[in-house]
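Quick one: structure below, then a few questions.
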Amino acid sequence: MITLYTYFRSSAAYRVRIGLHLKNIEFKSFAINLLKGEQATDEYRRLNPMWAVPMLDHDGYKLTQSLAILNYIDNVFPEPPLATGNFQELAYVRQIALSIAADLHPLTNLRVLNRVSADEVERKAWLAHWATEGMSGVEALLRVRNWHGKFTMGDQVSVADLCIVPQLYSMRRFKLPLDDYPICRKIEKNCMALEAFQRASPETQPDTPEGLEPVYGPTAKLLAS
Ligand SMILES: N[C@@H](CCC(=O)N[C@@H](CS)C(=O)NCC(=O)O)C(=O)O
């Protein structure tokens, strides 16, 4: 049995949810409410000393780190693969995924924002700076390499797309302009046409609060944008 410790808005958990749905893997969601501090309880820290989501529990085998989890499920459930290609293509996909998951995302994480300032405006300015810096770099990498098709690597969904989509969701949520990332937006649009991405969306999770202001709105609205 697979349990995913998740939070509807967590972009790292969103990555893993997409991977699980792409592979049609059945899993149970266990919600950890980050705003209520449930990641920091003794009980959760005993399970996960990194006190963050996502955490995967596969028949008692517990694993943290979204990219490690995706790599694990890709090995255990190989179809469809989350990355294909020659060594250069595989490394490129990983480069894009890590630019977001290892460089950009940690700077905008809740625990970091809380240390930056108690002031919401200052926190948002910090987040906007690092998100813009990071995604400008990703967009440039995509443009210069020019291997993108419908997705980051041609027309094959890869782990890079699983990082781009949640990152853009987060930027949409904070109403950051996305005009400078046309390739990322094209990838997002093509991804969001797929059922796995829709099922993984923060707006359709068991712990999504009633009445949450939608970021995507109806999928059609996003697709038309
Ligand atoms: N590098 C980790 C990041 C995990 C992470 O930081 N998750 C965030 C949610 S996106 C979290 O749980 N934050 C809780 C906090 O900052 O207190 C991964 O990719 O899984």
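Counting convention: from 1, in listed order, for ligands and their atoms alike.
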Any Leu56 side-chain heavy atom under 4.5 Å of Tyr61 side chain: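 Answer no - side chains too far apart.
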For His105, atoms of ligand 1 separated by under 4.0 Å from a heavy atom: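 Per the distance check, 3 (C), 5 (C), 6 (O), 10 (S).
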Which of the numbered atoms in ligand 1 are below 4.0 angstrom from a heavy atom of Gln39?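 The atoms of ligand 1 under 4.0 Å from a heavy atom of Gln39 are 14 (C), 15 (C), 17 (O).
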Gln65-ligand 1 polar pair, N/O distance under 3.5 Å: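 Yes, Gln65 has an N/O under 3.5 Å of an N/O on ligand 1.
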Counting heavy atoms only, which of Arg111, Met55, Met50 is nearest atom 15 (C) of ligand 1?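 Among Arg111, Met55, Met50, the closest heavy atom to atom 15 (C) of ligand 1 belongs to Arg111.
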Around atom 10 (S) of ligand 1, find the nearest protein heavy atom and jot down its residue, atom name and distance.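 The closest one turns out to be Ser10 OG, 3.1 Å.
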If you measure every N or O of Pro54 against every N or O of ligand 1, does any of those distances drop under 3.5 Å?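 By distance alone, the answer is no.
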With atom 13 (N) of ligand 1 as the reference point, say which of Val16, Asn109, Leu110 has the nearest heavy atom.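 It is Asn109 that holds the nearest heavy atom.
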Ser11 to ligand 1: N or O pair under 3.5 Å?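 By distance alone, the answer is no.
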So, is the end of the Arg145 side chain (NZ or CZ) under 6.0 Å from the ring centre of Trp147 and within 45° of the ring's axis?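 Yes; both conditions hold, so Arg145 lies above the ring face of Trp147.
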Any side-chain donor paired with an acceptor under 3.5 Å for Arg123 and Ser117?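 Looking only at side-chain atoms, Ser117 and Arg123 do not form any donor-acceptor pair under 3.5 Å.
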Going by the atom numbers of ligand 1, which of them fall below 4.0 Å from some non-hydrogen atom of Arg15?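 Contacts of ligand 1 toward Arg15, numbered from 1: 19 (O).
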Below 30° counts as parallel, above 60° as perpendicular, anything between as tilted: where do the rings of Tyr5 and Tyr44 land?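 Geometry flag for Tyr44 against Tyr5: tilted rings.
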Check: Thr204/Arg199 side-chain N/O donor and acceptor closer than 3.5 Å: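 Side-chain D/A pair, Thr204 to Arg199: absent.
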Does an N or O from Ser66, backbone or side chain, lie closer than 3.5 Å to an N or O of ligand 1?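 Ser66 vs ligand 1: N/O contact under 3.5 Å present.
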Could you identify the single nearest non-hydrogen protein atom to atom 4 (C) of ligand 1 and state the distance to 0.1 Å?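 Here the closest protein heavy atom is Val53 O, 3.4 Å.
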Side chains of Asp161 and Thr152 only: does a donor on one sit below 3.5 Å from an acceptor on the other?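 There is such a pair between these side chains.
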List the atom of Met153, the atom of Val93, and the distance in Å for their closest heavy-atom pair.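 Nearest heavy atoms, Met153 then Val93: CB-CG2, 3.8 Å.
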Short list, please: which atoms of ligand 1 are under 4.0 Å from a heavy atom of Leu34?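 So the answer, numbered in order with elements, is 9 (C), 11 (C), 12 (O), 13 (N).
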Name the orientation class of the two ring planes belonging to His58 and Tyr72 (parallel below 30°, tilted from 30 to 60°, perpendicular beyond 60°).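 The rings of His58 and Tyr72 stand perpendicular, inter-plane angle above 60°.
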